Amino acid sequence: MSDPPADPPTPAIPEPPADEGPVVDPGATETQAETPEQAASRVRAIDSSAGAMKVAKALRKILPGDADYGDRLSTTGKQPSQVLGQRVAALTAERPSALREIGLSALQVWQALADAPGGTAGYAEVAILFTDLVSFSRWALEAGDAAAIQLLRRVGEATEPPIEARGGKLVKRLGDGLMAVFDDPQGAVEAAIEATAATRNIEAVGYRPQLRAGVHFGKAQKVGGDYLGVDVNVAARVAGAARANEVLVSETARERLNTDAMRLKRKWLFRAKGAPEDLKVYAVQTIAGK
């Protein structure tokens, strides 16, 4: 009798390999983490790309306010938005930047909203008043700086309160004169008349200042802290043609005045370089009750 067949040999169990980390598929590409320097470089590339710049500039054109806000002209002034605009523009002036445009767009809207209550954001119809003193420069040469500055302080105290009382906004002082804007010519003319009368009561070193003024109604664009445009130049020319203690108004201003309270006389010989040839100008002779 034969022996039973022997059991098949038990296969050997291989020892587990030493821990060598995760098994990596040889066909797979290893992805390395982006370094901060690489991330910054990528952001800069996007920031200066033509596409990003185009989108940022297009955005600024549809937002309220001055789409070119950020240059020296538009950021001139002491308002917070203007001061920040100066700093942003200075810090980012070296190269084109979408982030720069986005930052300025926020300041652009801020500036527009700051101006909105007065109705003067962007182009607006306003009454523009210019004043100056007759023969002041000649007197100041002899009187000296100290006397001239003291006189200008007194003139400012006499002329600026009537402007503020009638809703006017002082735009800038121009040596011995000023520029102001109003919502309507009535307030501008009344302020000019009162300022002219108040100035006549001042005397310094033998000099009695005589104010002259001009009012024009038209469109002006607010840029930074200033107002610019053709009608601003016209207003300055109207004021420059006035005589001592005289207030002149243009035709567009006269059309909006309450003529029941005023008597106006046409100045037929009015000519001023830079003003339209057909510009009609009137001298304000009296105000009822004055």
Side-chain angles (χ1 to χ4, degrees), residues 124-138 155-156 158-202 208-220 226-290:
E125 287 192 325
V126 289
I128 308 159
L129 166 67
F130 277 93
T131 72
D132 74 342
L133 298 177
V134 176
S135 301
F136 170 80
S137 297
R138 184 167 60 250
V155 170
T159 58
E160 293 177 23
I163 292 172
E164 296 168 355
R166 288 165 177 79
K169 177 182 178 182
L170 179 65
V171 177
K172 55 188 174 184
R173 296 177 179 87
L174 302 164
D176 60 326
L178 58 79
M179 173 188 173
V181 294
F182 297 74
D183 289 338
D184 63 87
Q186 191 76 30
V189 172
E190 291 177 359
I193 291 292
E194 184 174 338
T196 299
T199 301
R200 287 200 297 266
N201 296 324
I202 300 173
R208 286 191 174 275
Q210 296 177 309
L211 197 73
R212 60 180 176 183
V215 177
H216 175 61
F217 186 83
K219 290 184 177 180
D226 205 351
Y227 285 76
L228 304 174
V230 172
D231 285 315
V232 175
N233 295 334
V234 171
R237 299 297 183 269
V238 172
R243 295 177 298 182
N245 301 317
E246 185 176 54
V247 178
L248 297 182
V249 299
S250 67
E251 177 70 12
T252 56
R254 185 198 66 81
E255 292 172 348
R256 293 163 175 80
L257 291 176
N258 177 8
T259 55
D260 292 338
M262 299 181 184
R263 186 161 64 236
L264 306 174
K265 182 179 180 181
R266 171 84 181 272
K267 295 202 74 168
W268 292 95
L269 299 179
F270 172 79
R271 291 289 184 275
K273 185 178 180 180
E277 293 183 0
D278 60 348
L279 181 66
K280 297 178 181 179
V281 172
Y282 302 83
V284 180
Q285 293 191 308
T286 59
I287 294 182
K290 297 290 184 179

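These numbers were taken from a predicted model, which means no experiment stands behind them.
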(message) To the nearest 0.5 Å, what is the distance between OG1 on Thr196 and CD on Gln210?
(response) 10.5 Å

(message) Measuring from atom CG of Asn245 to atom CZ of Arg200, what distance do you get when rounded to the nearest 0.5 angstrom?
(response) 5.0 Å

(request) To the nearest 0.5 Å, tell me how far Ile163 CD1 sits from Thr131 OG1. (result) 6.5 Å

(request) Find out whether Ile128 and Val238 are in side-chain contact, i.e. whether some heavy atom of one side chain is under 4.5 Å from a heavy atom of the other. (result) no

(request) Under the side-chain hydrogen bond (donor to acceptor under 3.5 Å, both in side chains) rule, collect the residues that match up with Ser135, sequence neighbours excluded. (result) Arg138

(message) Which residues pass the side-chain hydrogen bond (donor to acceptor under 3.5 Å, both in side chains) test with Arg256, not counting sequence neighbours?
(response) none

(request) Output yes when a side-chain donor or acceptor of Gln186 lies under 3.5 Å from a complementary backbone atom of Asn258, and no otherwise. (result) yes

(request) Measure the shortest side-chain to side-chain distance between Val181 and Tyr227 over non-hydrogen atoms and say whether it is less than 4.5 angstrom. (result) yes

(message) On a heavy-atom basis, which atom in Pro161 and which in Gly156 lie closest, and how many Å separate them?
(response) CD-O, 3.7 Å

Less than 3.5 Å apart, which donor and acceptor atoms pair up between the side chains of residues 229-237 and the rest of the protein, not counting sequence neighbours?
residue: Asp231; atom: OD1; partner: His216; partner atom: NE2; Å: 2.9
residue: Asp231; atom: OD2; partner: Lys219; partner atom: N; Å: 2.8
residue: Arg237; atom: NE; partner: Lys273; partner atom: O; Å: 2.6

(message) Measuring only between side-chain heavy atoms, which start at C-beta, is Leu174 closer than 4.5 Å to Phe130?
(response) yes

(message) Applying side-chain contact (heavy atoms from CB on, under 4.5 Å), can you list everything that pairs with Arg173, at least two apart in sequence or on another chain?
(response) Glu160, Leu170

(message) For Ala253, give me all partners under side-chain contact (heavy atoms from CB on, under 4.5 Å), at least two apart in sequence or on another chain.
(response) Pro185, Val215, Phe217, Val249, Ser250

(request) Rounded to the nearest 0.5 Å, what's the gap from CG on Asp183 to CZ on Arg166? Could you check? (result) 14.5 Å

(message) Could you tell me if the side chain of Val284 sits less than 4.5 Å from the side chain of Leu257, heavy atoms only?
(response) no

(message) Show the nearest heavy-atom pair for residues Ala192 and Ala213, with the distance to one decimal.
(response) CB-CB, 4.0 Å

(request) Quick one: pull up CD1 in Ile193 and CD in Glu246 and give me the separation to the nearest 0.5 Å. (result) 9.5 Å

(request) Check Ala188 against Ala127 and note the closest heavy-atom contact, atom names and distance. (result) CB-CB, 4.2 Å

(request) Might you confirm whether atom NZ of Lys280 has over 12 heavy atoms from other residues, nucleotides or ligands at distances under 6.0 Å? (result) no

(message) Any heavy-atom pair between the side chains of Leu133 and Thr199 that's under 4.5 Å?
(response) yes

(message) Test of understanding: with side-chain contact (heavy atoms from CB on, under 4.5 Å), list the residues that count as partners of Glu255, not counting sequence neighbours.
(response) Glu251

(message) Can you confirm whether more than 12 heavy atoms, excluding those of Arg243, are under 6.0 Å from its CZ atom?
(response) no

